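Data block below; observations after.
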Amino acid sequence: MSSPRQMERQMEKSLVCGSVHGARLTDHAAGRRITAIACGFTAVEAEASAAGLLRIVQTFHRAAGDGPGPEAAGPGDRPLRAGDFAPEAYIGEGPALRAYGASSGRAYGVPAEIALPLPLHATRHTHGLAGTEYQAPGSGPPDNRPGGRPSSVASIESVASLVGPTVADVLAADIAVRWWQRPRPRLVRLAPRRLLPESVMAVSDAHGLSVEAFCWLQLPFTVVLSVIHAGGGAAAGFGVAAGSGPRQALRAAFLRAHAARLAGWREGGPHLDLLRLNVQRGLAVPRRPVTDWVEQAHRRFGHEPLVVPFAAPDGGRVVKVLCPGAAVHHPPSVARPDCPL
């Protein structure tokens, strides 16, 4: 873990507008520079989100180097191949690492190219990644380098609280990726002024920012895509999130779209035009409470989600969730907004 001198913590209050806070945390340790950017409706929320993202990337840098990584798969683990994640089987079959079934707790062997979130320079797409709260240094699991001795605590129980929300992120990203590949079904336009805090919309207006939101129907849960732009759609930030209803999903997607703009991941008008052309009018968006995101993913993809646990530098937990068959594991086939999904 970086020392206070190595870590630059910069809270950028009112970075976006008066009611949305942005946090930018940068780690200069070990000759590298890692920056995490997140937004929240309060300064505390923004900084906590940015700290979590930074810890995730720090963990994966350690795992890609000589730090602790996931366990190696054992002879009794159920083997999965790259083709189980992407029909094109575009990834070579390398060493297998251990993942756990989010429903069954069963151990699986997953190709390292799938289990490890590489290349690290592309970790702007943070769907499927989550981390626990900080723990005291030294309280984490023992060294679990691939091929090293297994850890008895690297089980699904140790990261259970992270799995549901992270699976929801994978589901949202899957819906969005598939839609950009084939813009069907049509979308419903939401009214952000009815679903977001009034102060947020008022200050957005004062700063010349337009907020648009779109929702997919015919799903057993709610997925919302938020777009924030200025100047008629130029320099737009995109964010997508899943939730039990449009209000919950829009709030998360809205903050992700703001973070995308702050990070410089902006797109022009063509993507927004495509969204507007595929709006179906006159339909209401029902609220669909979800109690089990793992079950929803199992139904959608035909396989239980998998969890790959990592040991964070501070002794906490970081997980990567894999959903065999989800579009997030496929190679990009069409141009889509280059923003965090």
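Everything quoted here is computed from the prediction, not taken from an experiment.
- Within the model, atoms OG of S204 and CZ of F254 stand 4.5 Å from one another, a figure rounded to the nearest 0.5 Å.
- T59 and A312 get closest at one heavy-atom pair: OG1-CA, 3.4 Å.
- Among all heavy-atom pairs drawn from P305 and A297, the shortest one is CG-CB, 3.7 Å.
- Put simply, the side chain of H229 never gets that close to the backbone of L209: no donor and acceptor are under 3.5 Å apart.
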Could you go through the side chain to side chain contact (heavy atoms under 4.5 Å, CB included) check for V224 and V240 one step at a time? CA-CA 6 Å; V224 171; V240 67; over 6 Å; no
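- Put simply, the side chain of R288 never gets that close to the backbone of T222: no donor and acceptor are under 3.5 Å apart.
- S226 places no side-chain N or O within 3.5 Å of a backbone atom of L250 that could act as its donor or acceptor partner.
- Smallest separation of non-hydrogen atoms from A168 and A242: O-CB, 3.6 Å.
- Between R178 and V328 there is no side-chain heavy-atom pair separated by less than 4.5 Å.
- For D77, the salt bridge (charged side-chain N to carboxylate O under 4.0 Å, His left out) partners at least two apart in sequence or on another chain are R98.
- Residues satisfying the side-chain contact (heavy atoms from CB on, under 4.5 Å) test with T35, not counting sequence neighbours, are R24, T26, R33, I37.
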Determine, step by step, whether F85 and V110 satisfy the side chain to side chain contact (heavy atoms under 4.5 Å, CB included) criterion, reporting the C-alpha distance in whole Å, the side-chain angles of both residues, the deciding distance to 0.1 Å, and the verdict. CA-CA 10 Å; F85 294 85; V110 177; 3.8 Å; yes
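- A donor-acceptor pair is defined here as one N or O able to donate and one able to accept, closer than 3.5 Å; no such pair exists between the side chain of E47 and the backbone of A43.
- Looking at R78 and D84, no side-chain N of the basic residue comes within less than 4.0 Å of a carboxylate O on the acidic one, giving no salt bridge.
- Closest of all the heavy-atom pairs between A257 and G239 is CB-N, 3.7 Å.
- For residues 212-223, every residue pair satisfying the salt bridge (charged side-chain N to carboxylate O under 4.0 Å, His left out) rule, not counting sequence neighbours, is listed here: R189-E212, E212-R276.
- Nearest heavy-atom pair, L322 versus A115, reported as atom, atom and distance to 0.1 Å: CD1-CA, 4.3 Å.
- No side-chain heavy atom of L53 sits under 4.5 Å from any side-chain heavy atom of V57.
- Of the inter-residue distances, the one linking L190 atom CG with R194 atom CZ reads 10.5 Å to the nearest 0.5 angstrom.
- Taking the side chain as every heavy atom from C-beta outward, C39 and H21 never approach each other to under 4.5 Å.
- Counting heavy atoms from C-beta on, the side chains of L275 and L187 come closer than 4.5 Å.
- In this structure, P220 and R299 have side chains that are not in contact, with every pair of non-hydrogen atoms separated by 4.5 Å or more.
- Between F301 atom CZ and Q296 atom CD the span is 10.5 Å, to the nearest 0.5 Å.
- With contacts defined as side-chain heavy-atom distances shorter than 4.5 Å, the pair V279/R186 does not qualify.
- Salt-bridge check for D205 with R193: passed, with a basic side-chain N closer than 4.0 Å to an acidic carboxylate O.
- Scanning for salt bridge (charged side-chain N to carboxylate O under 4.0 Å, His left out) contacts around R300 gives D174, with sequence neighbours left out.
- Here the OG atom belonging to S49 is positioned 8.0 Å from the CG atom belonging to L255, to the nearest 0.5 angstrom.
- Here the CG-CH2 distance, from L274 to W179, works out to 4.0 Å after rounding to the nearest 0.5 Å.
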I'd like to know whether L306 forms a side chain to side chain contact (heavy atoms under 4.5 Å, CB included) with L80, so could you lay out the CA-CA distance, the side-chain angles of the two residues, the decisive distance to 0.1 Å, and finally the verdict. CA-CA 11 Å; L306 308 178; L80 293 176; 3.4 Å; yes
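- If you check the side chains of Y100 and E304, you find no donor sitting under 3.5 Å from an acceptor.
- In this structure H303 satisfies the ring-ring contact (aromatic ring centres under 6.0 Å, His included) test together with Y108, sequence neighbours excluded.
- One distance of note links CG of L97 with NZ of K320; it measures 10.5 Å at 0.5 Å rounding.
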Pair R62-F310, side chain to side chain contact (heavy atoms under 4.5 Å, CB included): steps then yes or no: CA-CA 10 Å; R62 281 164 36 102; F310 292 78; over 6 Å; no
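- Taking V188 as the reference, L217, L283, V285 meet the side-chain contact (heavy atoms from CB on, under 4.5 Å) condition, with sequence neighbours excluded.
- Across all non-hydrogen atoms, the minimal contact from P309 to V319 is CA-CG1, 4.4 Å.
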